[in-house]
Amino acid sequence: MASEKPTVVVTCTAPVNIAVVKYWGKRDEELILPINSSLSVTLHQDQLKTTTTAAISRDFMEDRIWLNGREEDVGQPRLQACLREIRRLARKRRSDGLEDPLPLSLSYKVHVASENNFPTAAGLASSAAGYACLAYALARVYGVDSDLSEVARRGSGSACRSLYGGFVEWQMGERPDGKDSIAHQVAPESHWPELRVLILVVSAEKKPMGSTSGMQTSVETSALLKFRAEALVPARMAEMTRCIRERDFQAFGQLTMKDSNQFHATCLDTFPPISYLSDTSRRIIQLAHRFNAHHGRTKVAYTFDAGPNAVIFTLDDTVAEFVAAVRHSFPPESNGDKFLKGLPVEPVLLSDELKATLAMDPIPGGIRYIIATQVGPGPQVLDDPGAHLLGPDGLPKPAA
Ligand code: DP6
C-alpha cells in the first residue's frame, strides 16, 4: 500500500519506582495479577532511568532486542507477552476504526534497544523501568494510546507503576482477566516538592533470590502474607493515600517503614525462609530509628525491596544532616566510586549529641555510595533523533 511508511522509530525514557505499600504475591502467574494493591513513588529520571528505542520496518526479518548493548533472547515469555499484548491493542484500535491515516502493517517486525543510566551491578531494580519503557515505546511505534498497565504488567508487575510520575497506585482488581488491575496516579510529582529520596547502595555479599520466585514461594507457604494481603493492605492503601494527599511526613514515614518491615517479615515467614536484608541493612534501620529518636519525631524513613539496598525518604531540610550521619556510621572506603551521586548535598558537621545517640561502631565501606534524588515525572518521548539507540539500519549504534 502506497500510504505505508517504511520505518517508524521512537525513543522513550521511563523511571524507576519504589513501593511504600509493597506488592508481594500473585493470584495469577500468567497474567501477573497481584494478591494486593500497592503504592509507589516515582523517582526522578535525572538520576535513574531506562532509555528505549523501538523501530518497526517492513525490512526487518524478525523481532530482536538488545539490552545495554547485548542482544538478548526475544523468545523469553514475558517479552513475548508484552509484544503480543501491544499488537492485540493495535489490532483492536484498527478494528475500532481509530487507526492513523498512515496505517503501519501490524506484521512488521520490531527492533528494540534499551539501556539504563545506572549500573545494573548496583542491584537496583531495573525491570520496572525497563518494561514500562518498552510498553511506552511499543505503544508509540504501533500507534496505541490506550491504558498500558496490562502491557507493562505482563513484563513485570511493578512496571505498571512506572507508567506515571509522582505517586502511583496499582489497584489489584478483581476480574480474572485482569482488565481492572491497573495503575493510576494518586498525586503528580509537583505535589510534594520537599520530598527527597536517598538510595544507599550497600556492598552486596550475595545475589539475592529474584522477586518472581521469592513471592511464589511466599504465596505457597506464608499464612502471614495471606493475612497481610487480605486484612491489612486495604486500610494501609487508604492511609498511605491520605498521608500523601496531606503531605503528612510523620505518618507517611512511619507507614513506609512498617510496610517494609512487614514485607520482610512475610519473607521470613516463607518456608524455606527468604532474607533480603544484610547486616548493613539492619544497621541502616537502627541508624534511622536513632536519628529519629534524637529529633523526637520521624525525620527519615527507610524501605527495602528484594535486596539489601536501602531507600530513604526524607524532606529537603534533613538531607544534609542525615547524609552526614550515614558518612559517620559508614565511613567511605576509596573504592573508585564517588560516595555521593545525584543531587548536591551540603557537607555539615554532626553535633556531639547526635553522635552520642547514634552510638554505633563505624562500618567502613558498608555503603558503597549514595544516590540523592527526588520525586519525578513519568515516561517521556525524546524528540531528538540523535537520542535513538538504533541506527538507520535498525541495529544498535556503536557506543559513543
Ligand atoms: C519487593 O515486580 O519485580 O520490589 O511481577 O514477578 O516481575 P514480578 O515482580 P516484581 O516485584 C517487585 C517486588 C518488590 C515490591 C514492589 O515493588 O512493590
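Indexing begins at 1, ligand by ligand and atom by atom, following the structure's order.
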**Request:** Classify the contact between S211 and ligand 1 as side chain, backbone, both or neither, using a heavy-atom distance cut-off of under 4.0 Å.
**Result:** side chain
**Message:** Between E30 and R154, does any NZ, NE, NH1 or NH2 come within less than 4.0 Å of an OD or OE carboxylate oxygen?
**Reply:** yes
**Message:** Quick test of your reading of the model: are D177 and R175 salt-bridged, counting only N-O distances below 4.0 Å?
**Reply:** yes
**Prompt:** Under 3.5 Å, N or O to N or O, is G157 touching ligand 1 that way?
**Reply:** yes
**Message:** Is a donor from one side chain sitting under 3.5 angstrom from an acceptor on the other, for H295 and E321?
**Reply:** yes
**Item:** Where at least one partner belongs to residues 247-268, residue pairs that pass salt bridge (Lys or Arg N to Asp or Glu O under 4.0 Å), sequence neighbours excluded
**Value:** R228-D259, R236-D259, R242-D248
**Request:** Decide whether an N or O pair under 3.5 Å exists between K22 and ligand 1.
**Result:** no
**Prompt:** Hey, is W170 one of the residues with a heavy atom under 4.0 angstrom from ligand 1?
**Reply:** no
**Message:** Can you check which of Y131, Y276, Y23, W24 brings a heavy atom nearest to atom 5 (O) of ligand 1?
**Reply:** Y23
**Fill in**
So the salt bridge (Lys or Arg N to Asp or Glu O under 4.0 Å) pairs with at least one residue in residues 128-145 (sequence neighbours excluded) are R93-D145
**Item:** Atom indices of ligand 1 within 4.0 angstrom of M215 heavy atoms, with elements
**Value:** 9 (O), 11 (O)
**Item:** Sub-3.5 Å N/O-N/O distance, R78 and ligand 1
**Value:** yes
**Message:** If only side-chain N and O atoms count, and only distance matters, is there a donor-acceptor pair under 3.5 Å linking D305 with Y23?
**Reply:** no
**Message:** Checking contacts here: is it the side chain or the backbone of A19 that comes within 4.0 Å of ligand 1, counting heavy atoms only? Could be both or neither.
**Reply:** side chain
**Asked** What part of I32, side chain, backbone, both or neither, has a heavy atom within less than 4.0 angstrom of ligand 1?
**Response** side chain
**Message:** Can you name the atoms of ligand 1, numbered from 1 with element, that are less than 4.0 Å from a heavy atom of F263?
**Reply:** 1 (C)
**Geometric N/O contact N17 with ligand 1, under 3.5 angstrom** = no
**Prompt:** Which of the numbered atoms in ligand 1 are below 4.0 angstrom from a heavy atom of K26?
**Reply:** 5 (O), 6 (O), 8 (P)
**Message:** Does the plane of the ring in H111 sit parallel, tilted or perpendicular to the ring in F60? Use 30° and 60° as the thresholds.
**Reply:** parallel
**Side-chain H-bond candidate by donor/acceptor type, N292 with T298, under 3.5 Å** = no
